[in-house]
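A short write-up of the structure that comes next.
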Amino acid sequence: MTVPVFGAAQRRVRPPVARGLAARLRPFAVVALVVPVMGVPLWLVVATAAKSQGEALSPDLSPPADWQLWQNLAQVWQQGEVPTAFLGSLLVVAPSVALVLTFGSMASWILARRASRLNAVLYALAISGIVLPPAVVTIVLLLRQLGLAGSPTGMIGVYVGIYLSTVIFFVTGFVRTVPLSLEEAARMDGAGPVRVFFSVILPLLRPVLATATILICLYVWNDVFYAFFVIGGRLDTLPLNLFQVANAGLYLNNWHLIFAYIILMSLPLLIVFAVAQRKIISGITGGAVK
């Protein structure tokens, strides 16, 4: 008479060979999924930017008959006023990122260390900006009342207000993993709150701040919607400049120049991501998971 076996004994355990084969095939499966999603659009941009005007009239995945990538990039750099627009983007992006990271990390430190119902409500309100879209009409009217409409200062203030919730969401979870004993030791040595934050907390936040930096840079660098309504063409940024020259007819039916402009506009972000990719990955795992 056979006795049925229940529970864990019924489970079939995969042999070590099968587990090892699955582990070896996993990277190839990931590559097979990533290449169509990221590789195809990237190839479309590069291939179109390297074509002549006639070949690029109907952008497709076919390779160019004669590669003219460097010539098209040089033409865009000279005729599209890219250096001026690049400086305009830096003038808006650099202060916006610095201010939103500073204010966001300070607020996250307070929200993470002081556990109360009031702080829980404030935290919920702070991160609600991630899902609640800002009202553009209200923002423009407020900036006009303050005398900041059409100025880089007003645009910087808009970006800080919009993306502050993103920094608070990432940094608050990371601050909670920092041992409280480090702050207590600094206070015992006579350090005040400002000294504790800048000397103890802020250096530990580098991985998660690197993640927030690349995300906010991506949002602000490529933004044309808010910049169009707030600045209104009084300051050239790269997306606004591309929008203006395309509407003016300079790039009319010149898809090779438009895609070449996109490559030039994306290069700074690609360089930042390549330099900070390790800290970005550790910041995502440390802030979101923990």
Side-chain angles (χ1 to χ4, degrees), residues 34-97 136 150-152 154-156 158-159 162-163 213-277:
V34 170
V35 167
V37 175
M38 299 184 62
V40 173
L42 181 61
W43 168 254
L44 177 64
V45 172
V46 175
T48 307
K51 293 180 179 179
S52 62
Q53 182 182 11
E55 288 183 292
L57 286 177
S58 299
D60 52 31
L61 298 177
S62 61
D66 183 20
W67 284 81
Q68 302 179 10
L69 180 60
W70 298 114
Q71 295 90 324
N72 293 338
L73 291 176
Q75 183 178 353
V76 169
W77 182 270
Q78 296 173 0
Q79 298 181 1
E81 299 182 357
V82 175
T84 304
F86 179 79
L87 293 177
S89 293
L90 282 182
L91 183 62
V92 173
V93 172
S96 300
V97 173
V136 179
S151 65
M155 193 70 253
I156 292 170
V158 171
Y159 286 138
I162 291 175
Y163 300 117
T213 299
I214 191 63
L215 289 177
I216 297 171
C217 284
L218 180 64
Y219 297 150
V220 178
W221 190 266
N222 294 324
D223 176 66
V224 66
F225 182 76
Y226 295 106
F228 180 79
F229 285 100
V230 176
I231 299 178
R234 300 182 186 180
L235 176 69
D236 268 345
T237 62
L238 287 172
L240 277 180
N241 186 52
L242 177 59
F243 176 77
Q244 291 169 1
V245 296
N247 282 344
L250 178 61
Y251 291 170
L252 186 62
N253 294 327
N254 292 332
W255 289 105
H256 60 306
L257 298 181
I258 293 178
F259 281 89
Y261 194 107
I262 293 174
I263 291 177
L264 289 177
M265 188 173 64
S266 304
L267 281 179
L269 291 181
L270 292 176
I271 294 173
V272 172
F273 182 81
V275 172
Q277 59 177 338

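The structure displayed is predicted, hence computed values, not measured ones. Heavy-atom basis, side chains included; hydrogens, waters and symmetry copies ignored.
Atom CG of Asn222 is separated from atom SG of Cys217 by 10.5 Å, given to the nearest 0.5 angstrom. Rounding to the nearest 0.5 angstrom, the gap separating the OG1 atom in Thr237 from the CG atom in Leu91 is 10.5 Å. Phe86 contributes atom CZ, which lies 10.5 Å from atom CG of Leu264 (distance to the nearest 0.5 angstrom). Annotation: the span from Thr48 atom OG1 to Ile258 atom CD1 amounts to 10.5 Å, rounded to 0.5 Å. Atom CD of Gln75 sits about 5.5 Å away from atom NE2 of His256, to the nearest 0.5 Å.
The heavy-atom pair separating Phe259 from Val45 by the smallest distance is CD2-CA, 3.6 Å. The shortest non-hydrogen separation linking Ser62 to Ala47 is O-CB, 4.1 Å. The two residues Pro95 and Leu90 have their closest heavy-atom pair at CD-O, 3.7 Å. When all heavy atoms of Leu238 and Tyr261 are compared, the closest pair comes out as O-OH, 3.2 Å. Considering every non-hydrogen atom in both Val93 and Trp221, the closest pair reads CG2-CE3, 3.6 Å.
Asp66 has its side chain out of reach of Ser52: every pair of non-hydrogen atoms, C-beta onward, lies at least 4.5 Å apart. Under the 4.5 Å side-chain criterion, counting only non-hydrogen atoms from C-beta, Leu73 is in contact with Trp70. Proximity of Met265 to Pro239: side-chain heavy atoms (C-beta onward) are separated by under 4.5 Å at one or more points. Residues Val76 and Ile263 are not in side-chain contact: their nearest non-hydrogen atoms beyond the backbone lie 4.5 Å or more apart.
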### Query
Can you list the steps and then say if Val220 with Tyr226 is a side-chain contact (heavy atoms from CB on, under 4.5 Å)?
CA-CA 9 Å; Val220 178; Tyr226 295 106; over 6 Å; no

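Under the 3.5 Å distance criterion, the side-chain polar atoms of Asn72 are matched with a main-chain donor or acceptor of Lys51. Using a distance-only test at 3.5 Å, with no hydrogens or angles considered, no donor-acceptor pair links the side chain of Tyr163 to the main chain of Val97. The backbone N or O of Tyr219 lies less than 3.5 Å from no partner atom in the side chain of Asp223, so there is not a single donor-acceptor pair.
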